[in-house]
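Order of the sequence lines sets the chain letters (A, B, ...), proteins ahead of strands, with each chain counted from 1.
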Amino acid sequence: MKIYILRRLIQSFFILIGVTFITFLLLYILPADPARQIAGRSATPEAVANIRAQLGLDQPLFVQYWHYLINLFQGDFGRSYLQKTDVAELIQSRLTPTLILMFSAIFIELLFGLAAGIYSATKRGKTGDKSIMVLSFIGVSSPQFIAAILVLYIFAVKLHWFPIGGYGTFAHLVLPALTLGILGSGWYSRVMRSSMIDILRQDYIRTARAKGARENRVIFVHAFRNAVLPIVAMIGIDIGIFMSGIVVVESVFGWPGIGQLAWQAIQRVDIPIIMGVTLVSAIAIVIGNLVADLLAPFVDPRIKNS
Amino acid sequence: MSTLKRLIKRKIALFSFIVILLIVSAAIFAPLIAPYDPSKQFTEGLTLQGAPLPPSSQFPIGTDLLGRDLLSRLIYGARTSLFIGLLANGFAVVLGTFIGIVAGFLRGRTGSIIMRFTDLMMAFPALLLAITLAAIFSPSLFIVALVIAMVNWVQIARVIYTQTISISEKEFIEAARSLGATNSRILRKHILPHLAPIVMVWATLGISTTVLLEATLSFLGIGVRPPTPSWGNIIFENQTYFSSAPWLVFIPGFAIILLALAFNFLGDALRDELDPTQRGRR
């Protein structure tokens, strides 16, 4: 077990190093010249060269990468080219809204996804099951921006139940969280359904029923605990999908998180911010997967022995 | 699985196939079907205040913010969306399958290095990576397709890798080898035919992912650039009118979901039919 944990930790570390390198490479070959952007259109070539030297952009690729990496370990993500602020600070100030949105969305996903999956599995082949499966397909096939605009149109423009966008109160949170949560629950319901169906076929379920356990107890106590195992692994993957989704959803709803920050930075070619957000997202994904893997043996003791 | 359910499943698959066929033919025959030139701006296509027109007899689903016929743009947009979706998915499937087979067949050090690289790619949020790439390279249709392929090959590679390994461990491969079959013969005659159904399933499901990514990139303004219509950028262009002229956003939105849904249903039905391990799990 200890060796396994250690190996996963080392692996995650190397993945993160790889992530920094790829991000760095991608942005290094960026055709837009940041020095020129900062200097402005009317700047002399000397002024541009000056800024380039200041930023260290005139140094070889590997030297630049090395500096970047060293700074990173000291918690320094560099400075925004345009906003003249520390990227770490910018990201930190945007992190809370994103985390609030993330946990709310995951909560909605689990709530709807697990409930729909369990319901479908117990009503297998009936109309209720079929409708839920069609709905989950629609959820999986809908791009976040369309769902976001639809939700916005119905609940904010037409019904005036919630504000049209922004941040601050619980009412502001509802629509973006619902958009991400409902779409995401499509995946959860499908996984939960097929896992539940597999479990309900097992001998121990028949034993429980034969012993006279009520159906609710069989499903929610006996079957649920085993059926929910694949969901634990999914939450790790889900963080990745989520990090992609926030860019769209945060820009539609004007939610001031790191997704919106990334979007604004991409439009202005503000490289250090893009690098920072990509890195933070990758860290979140790697940690999510690591936690899911490390949790697995505790949720399912069988893994510990194998 | 009961016969009835299979039938219903097939009905959905059949229906999806018809939807795909309709959209594909609309795209191919766009110049014949579309009522107007998609980039023609009509002087009578806007209200006196300059707002888009609602559906009328002249413009069946109204006009867009520049007074162009929305139906014509939608039909031509199907061309762009399908073209990019198919091209990107084609790239992704070829690259993913190739890498998956190479890693699965060679295994050992090469295989594990390749697979560690896919681990690395999986750590990137796909959309964020695609956005960054699209923002870096000034997008032509071809580049947009390439960008989408770059973030989508990984999953196929991993599936093909696992499958290749599991097939190469089967006894009939060992039998072929002991009969003196060369590696390339084993690959061509024994492994590829077994991979074909899995590749087909993933190729179908993948189109829905690439269509959605194209739409999202275009919606963010970094995919297909106007005036070339694509379903995503029709929404991007008209989003400011979404409360006064919701059809401008929701009709193309519906088209995107319909296309993605059709490929998802078809891929899922194919998986049920072609992949025996999935049978009975539904």
*Asks:* Please look at B:Phe263 and chain A and tell me whether the side chain, the backbone, both or neither of the residue comes under 4.5 angstrom of a heavy atom of that chain.
*Replies:*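 When you check distances to chain A, no heavy atom of B:Phe263 falls under 4.5 Å.
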*Asks:* At a heavy-atom separation under 4.5 Å, does A:Gln11 approach chain B through its side chain, its backbone, both, or neither?
*Replies:*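 For A:Gln11, the side chain is the part near chain B, not the backbone.
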*Asks:* Look at the rings of A:Phe145 and B:Phe219 and say which category their plane angle falls in: under 30° parallel, 30 to 60° tilted, over 60° perpendicular.
*Replies:* parallel
*Asks:* Side chains of A:Gln144 and A:Thr179: do they bring a donor and an acceptor to under 3.5 Å?
*Replies:*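 There is no such pair (donor and acceptor under 3.5 Å, judged by atom type) between the side chains of A:Gln144 and A:Thr179.
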*Asks:* With a 4.5 angstrom heavy-atom cut-off, could you sort out which part of A:Ala282 is near chain B: side chain, backbone, both or neither?
*Replies:*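 It is both, since atoms from each part get that close.
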*Asks:* Counting heavy-atom pairs under 4.5 Å with chain B, which one of A:Val286, A:Val157, A:Leu279 comes out on top?
*Replies:*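 That would be A:Val157.
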*Asks:* Please flag which part of B:Phe250 lies under 4.5 Å from any non-hydrogen atom of chain A: side chain, backbone, both or neither.
*Replies:*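 For B:Phe250, the side chain is the part near chain A, not the backbone.
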*Asks:* Under a 4.5 Å cutoff for heavy-atom pairs, which residue among B:Thr209, B:Leu120, B:Asp119 has the most contacts with chain A?
*Replies:*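 The candidate making the most pairs under 4.5 Å is B:Leu120.
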*Asks:* Should the pair B:Glu237-B:Arg73 be classified as a salt bridge under the 4.0 Å nitrogen-to-oxygen rule?
*Replies:* yes
*Asks:* Using heavy-atom distances under 4.5 Å, tell me whether B:Ser243 contacts chain A through its side chain, its backbone, both, or neither.
*Replies:*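 Looking at B:Ser243, backbone and side chain both touch chain A.
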*Asks:* Quick one: what part of A:Val252 sits under 4.5 Å from any heavy atom of chain B, side chain, backbone, both or neither?
*Replies:* side chain
*Asks:* Which atoms of A:Ser120 are under 4.5 Å from chain B, going by heavy atoms: the side chain, the backbone, both sets, or neither?
*Replies:* neither
*Asks:* Using non-hydrogen atoms only, which part of B:Ile235 is less than 4.5 Å away from chain A: side chain, backbone, both, or neither?
*Replies:*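 Side chain only.
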*Asks:* Go through the side-chain N and O atoms of A:Thr20 and A:Tyr65 and say whether any donor and acceptor fall under 3.5 Å apart.
*Replies:*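 The answer is yes; a qualifying pair exists.
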*Asks:* Based on non-hydrogen pairs under 4.5 Å, which of A:Leu150, A:Asn289, A:Val247 is most in contact with chain B?
*Replies:*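 Looking at each of A:Leu150, A:Asn289, A:Val247 in turn, A:Leu150 comes out on top.
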